[in-house]
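Note sheet for the following structure.
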Amino acid sequence: MKPFLKNLLEYSHHYNLQLIEIFADPAMAEKLSKKAKLLLSHTLNASSVWNSRILNIPNRGGIWDVFEAQEMLKLENQNFEETFEILEISNLAEIISYTNSKGDSYKRSIEDIIFHTINHATYHRGQIASEFRKCGVEPIVSDYIFYNDDNRLKI
């Protein structure tokens with residue numbers, strides 16, 4: 001499972017970086033909605049929160065904090081490095097206990113949490129694509145099958 005999760009993590013990182021590049025372009029950024037920026041910031045914040053839970057460290061920020069592109073890039077790279085390290089050193093079946101933002105307690109495996117963060121990012125990239133279209137901006141194509149196309153034999 002680790003190799004598959006690493007591949008998914010790299011896929012998610014690849015497309016998050018592409019989105020951040022778009023927000024870093026002043027001409028593009030001014031066309032985009034505040035909601036698109038909020039969704040991408042939220043995606044990065046959520047990954048950071050989940051890493052904090054796995055690592056049993058305090059959260060570094062709020063789940064709905066909004067960032068400029070440079071801050072997004074820093075957080076995305078930090079999240080990627082942390083999650084990759086978690087994948088390297090952790091027993092993915094290990095169950096961790098955490099408390100959510102509402103104060104409810106849960107127990108989940110590290111494997112489930114990492115998959116959730118990747119899936120969460122994919123979900124919000126879809127919402128961001130819709131926001132781009134509303135603003136007249138062509139969204140990136142971020143389907144997993146296209147990402148992996150270069151890594152597979154073509155028939």
Side-chain angles (χ1 to χ4, degrees), residues 1-25 29 35-132 139-154:
M1 188 60 144
K2 280 188 182 189
F4 182 62
L5 285 175
K6 286 179 183 178
N7 183 259
L8 289 177
L9 179 63
E10 289 167 347
Y11 147 76
S12 192
H13 181 59
H14 175 82
Y15 289 118
N16 285 348
L17 290 176
Q18 281 191 9
L19 286 172
I20 292 167
E21 273 185 42
I22 293 168
F23 282 97
D25 178 342
K35 185 174 180 182
K37 183 189 268 188
L38 174 70
L39 289 167
L40 184 54
S41 293
H42 167 72
T43 300
L44 304 178
N45 290 327
S47 292
S48 180
V49 166
W50 283 109
N51 282 346
S52 296
R53 288 172 178 166
I54 293 169
L55 297 170
N56 197 28
I57 60 175
N59 289 340
R60 292 176 284 257
I63 198 74
W64 291 106
D65 292 349
V66 178
F67 301 114
E68 297 303 321
Q70 280 305 108
E71 296 165 301
M72 287 180 190
L73 181 61
K74 181 181 174 186
L75 186 54
E76 171 58 27
N77 286 327
Q78 180 179 351
N79 288 339
F80 176 75
E81 290 169 14
E82 280 181 351
T83 309
F84 203 88
E85 181 68 15
I86 290 166
L87 282 168
E88 286 289 316
I89 65 172
S90 298
N91 169 5
L92 298 183
E94 180 184 347
I95 304 296
I96 65 157
S97 300
Y98 64 92
T99 303
N100 70 6
S101 58
K102 296 178 183 175
D104 301 325
S105 296
Y106 293 93
K107 292 182 180 186
R108 296 287 187 272
S109 70
I110 292 173
E111 178 179 72
D112 285 347
I113 291 169
I114 292 173
F115 181 77
H116 168 75
T117 61
I118 294 164
N119 191 53
H120 180 256
T122 302
Y123 171 76
H124 285 305
R125 280 192 301 272
Q127 290 180 309
I128 293 165
S130 293
E131 284 298 308
F132 276 29
I140 64 170
V141 176
S142 62
D143 293 325
Y144 177 73
I145 202 77
F146 293 119
Y147 170 77
N148 247 0
D149 201 34
D150 291 337
N151 300 324
R152 306 277 186 219
L153 294 175
K154 295 180 183 175

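What you see below is based on every heavy atom in this structure, not just the backbone, and it leaves out hydrogens, waters and symmetry mates.
A distance of 10.5 Å separates OG of Ser12 from NE2 of His120, quoted to the nearest 0.5 Å. With values rounded to the nearest 0.5 angstrom, Ser47 atom OG is found 9.0 Å from His42 atom NE2. How far CG of Leu8 is from OH of Tyr144: 5.0 Å, rounded to the nearest 0.5 Å. Atom CG in Leu40 sits 9.5 Å away from atom CG in Leu75 (nearest 0.5 Å).
Listed by first and then second residue, the salt bridge (Lys or Arg N to Asp or Glu O under 4.0 Å) pairs involving residues 88-98 are Lys6-Glu88 (not counting sequence neighbours). Sorted by first then second residue, the side chain to side chain donor-acceptor pair (under 3.5 Å) pairs that include residues 52-61, not counting sequence neighbours, are Ser48-Arg60, Arg60-Glu82. The side chain to side chain donor-acceptor pair (under 3.5 Å) analysis of residues 103-117, with sequence neighbours excluded, yields the pairs Ser109-Asp112.
With sequence neighbours left out, Thr43 forms a side chain to side chain donor-acceptor pair (under 3.5 Å) with no residue at all. Contacts of Thr83 classified as side chain to side chain donor-acceptor pair (under 3.5 Å), with partners at least two apart in sequence or in another chain: Asn51. Judged as a side chain to side chain contact (heavy atoms under 4.5 Å, CB included), and not counting sequence neighbours, the contacts of Lys35 are Ser33, Leu39, Glu131. The ring-ring contact (aromatic ring centres under 6.0 Å, His included) test applied to Phe23 returns no partner, not counting sequence neighbours. Scanning for side chain to side chain donor-acceptor pair (under 3.5 Å) contacts around Glu21 gives an empty result, with sequence neighbours left out. Considering only residues two or more places apart in sequence or on other chains, Gln18 meets the side chain to side chain contact (heavy atoms under 4.5 Å, CB included) condition with His14, Tyr15, Ile140. With sequence neighbours excluded, the residues that form a side chain to side chain contact (heavy atoms under 4.5 Å, CB included) with Asn119 are Phe115. Residues passing the side chain to side chain donor-acceptor pair (under 3.5 Å) test with Ser142, sequence neighbours excluded: none.
Judged by distance alone, the side chain of Asn79 and the main-chain N or O of Leu44 form a donor-acceptor pair under 3.5 Å. Side-chain atoms of Asn100 come within 3.5 Å of backbone atoms of Lys102 as a donor-acceptor pair (strictly under, hydrogens ignored). No donor-acceptor distance shorter than 3.5 angstrom exists from the side chain of Asn7 to the backbone of Pro3, with no hydrogens or angles considered.
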What do the steps show when you test Glu10 against His13 for side chain to side chain donor-acceptor pair (under 3.5 Å), and what is the final call?
CA-CA 5 Å; Glu10 289 167 347; His13 181 59; over 6 Å; no
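Within a 6.0 Å sphere centred on NZ of Lys74, heavy atoms belonging to other residues, nucleotides or ligands number 12 at most.
At a threshold of 4.5 Å between non-hydrogen side-chain atoms, the residues Leu87 and Leu92 count as touching. Inter-residue side-chain proximity for Ile110 and Asn91 is flagged as unmet; no heavy-atom pair is nearer than 4.5 Å. A heavy-atom distance below 4.5 Å is not found between the side chains of Leu17 and Phe80.
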List the atom pairs, donor and acceptor, that lie under 3.5 Å between side-chain atoms in residues 61-72 and the rest of the protein, sequence neighbours left out.
from	atom 1	to	atom 2	distance (Å)
Asp65	OD2	Gly62	N	2.8
Glu68	OE1	Lys37	NZ	3.0
Glu68	OE2	Lys37	NZ	3.0
Glu71	OE1	Glu68	N	2.9

